[in-house]
Amino acid sequence: PILKELIQNADDAQATRIVFGHHSGLGSSTTHPLLSGPALWVFNNGKFKKSDATAIEYFGINTKAGDDTAIGKFGLGMKSVFHLCESFFYVAYDGTEIHKRILNPWYSDLEEEGLHNSWENVQDSDWSMLEELGKKQAGSEVCSWFLMWVPLRKKTHKLNDFGQEMGAIVERFPGDP
């Protein structure tokens with residue numbers, strides 16, 4: 001069902017190409033805990049608009065709600081990946097500028113309430129590595145594109161910023177052997 005949702009999102013974006021991949025992680029090239037371990041990624045060459053960035057961040061809000069022909073008009077497709085991860089990254093190119101974001105549902109403006117506020121600290125070099133993966137998939141084609149990096153849930157992701165164990169969104173750890 002997760003792959004189906006991501007394919008539907010690519011279709012709604014009028015993508016002509018979608019690629020799924022597995023990555024063992026960026027290892028010692030990164031200091032970010034979600035980028036160092038195994039991940040799935042998905043790329044599509046569909047249209048990406050600034051309004052899509054807002055739609056990804058909020059459940060049930062999207063730019064397709066008024067479009068009766070859109071498959072993903074309820075805005076829940078991207079969120080299906082939370083069955084595999086605690087948080088995910090995306091990098092997208094709209095034809096003019098790069099958009100990059102980590103979608104971290106554990107973040108809170110109140111530091112003492114935030115369980116994984118440290119995940120918000122993504123180094124420029126980490127964003128560059130993800131952007132390069134997107135550019136590599138886009139190839140010489142000058143187009144809009146979208147890349148999602150889904151860090152597979154690991155038991156270590158259950159530790160909050162203070163080293164205390166907390167619950168996971170889903171009690172399944174596809175990133176651990």
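Just so you know, these numbers come straight off a predicted model, no measurement behind them.
Both Val42 and Met129 are part of a single hydrophobic cluster, where members link through side-chain heavy atoms under 4.5 Å apart. Side-chain heavy atoms closer than 4.5 Å link hydrophobic residues (I, L, V, M, F, W, Y) into clusters, and following such links, possibly through other members, connects Leu133 to Trp145. Tyr107 and Phe89 are not part of a single hydrophobic cluster, where members link through side-chain heavy atoms under 4.5 Å apart. At a threshold of 4.5 Å between side-chain heavy atoms, the hydrophobic network of Ile, Leu, Val, Met, Phe, Trp and Tyr places Ile7 and Leu84 in one connected group.
Note: Asn160 CG to Phe162 CZ = 6.5 Å, rounded to the nearest 0.5 Å. Atom CG of Leu159 is separated from atom CG of Leu115 by 11.5 Å, given to the nearest 0.5 angstrom. Atom CD1 in Ile18 sits 10.5 Å away from atom CD in Gln8 (nearest 0.5 Å). Thr54 contributes atom OG1, which lies 11.0 Å from atom NZ of Lys49 (distance to the nearest 0.5 angstrom). Rounding to the nearest 0.5 angstrom, the gap separating the CD atom in Glu120 from the OG atom in Ser108 is 10.5 Å. Annotation: the span from Met148 atom CE to Leu6 atom CG amounts to 5.5 Å, rounded to 0.5 Å.
Here the side chain of Arg153 pairs no donor or acceptor atom with the backbone of Asp176 at under 3.5 angstrom. No donor-acceptor pair under 3.5 Å is formed between the side chain of Thr30 and the backbone N or O of Leu26. A donor-acceptor pair is defined here as one N or O able to donate and one able to accept, closer than 3.5 Å; such a pair exists between the side chain of Asn45 and the backbone of Arg17. Within the 3.5 Å criterion, the main-chain N or O of Pro38 finds no donor-acceptor partner in the side chain of Ser24. Looking only at distances, no side-chain donor or acceptor of Asn44 sits under 3.5 Å from a matching main-chain atom of Leu147.
For Phe43 and Phe20, the ring centers sit 6.0 Å or farther from each other. Less than 6.0 angstrom separates the ring centroid of Phe146 from the ring centroid of Tyr90. Checked against a 6.0 Å centroid threshold, the rings of Trp41 and His22 do not count as neighbours.
Of all heavy-atom pairs between Pro33 and Ser36, the closest is O-OG, 3.3 Å. Shortest non-hydrogen contact noted between Asn121 and His32 is O-CD2, 3.4 Å. The two residues Asp126 and Leu35 come nearest to each other via the heavy atoms CB-CD1, 3.5 Å. Contact detail for Pro151 and Leu34: the closest heavy-atom pair is CB-O, 3.1 Å. Ser118 and Asp161 make their closest contact through OG-OD1, 2.6 Å (heavy atoms, listed as atom of the first residue, atom of the second, distance).
By the 4.5 Å heavy-atom criterion applied to side chains, Phe82 and Leu103 are counted as neighbours. Within the 4.5 Å cutoff, no side-chain heavy atoms of Tyr93 are placed close to those of Lys135.
At a threshold of 4.0 Å, the pair Lys136-Glu132 does not count as salt-bridged, since none of the basic side-chain nitrogens sits closer than that to a carboxylate oxygen. The residues Glu86 and Lys154 are annotated as not salt-bridged, no charged nitrogen and carboxylate oxygen being separated by less than 4.0 angstrom.
Between Trp119 and His157, the ring planes lie perpendicular to each other; the angle is over 60°, past the 30° to 60° tilted range.
Annotation: Lys47, atom NZ; neighbour count of heavy atoms from other residues, nucleotides and ligands within 6.0 Å does not exceed 12.
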- [ ] Determine, step by step, whether Cys85 and Leu152 satisfy the side chain to side chain contact (heavy atoms under 4.5 Å, CB included) criterion, reporting the C-alpha distance in whole Å, the side-chain angles of both residues, the deciding distance to 0.1 Å, and the verdict.
- [x] CA-CA 5 Å; Cys85 67; Leu152 296 175; over 6 Å; no
Task: Ile102 vs Trp149, side chain to side chain contact (heavy atoms under 4.5 Å, CB included): CA-CA, chis, key distance, verdict - done: CA-CA 9 Å; Ile102 178 171; Trp149 180 275; over 6 Å; no
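Side chain to side chain, Asp94 and His99 meet the donor-acceptor criterion of an N or O pair below 3.5 Å.
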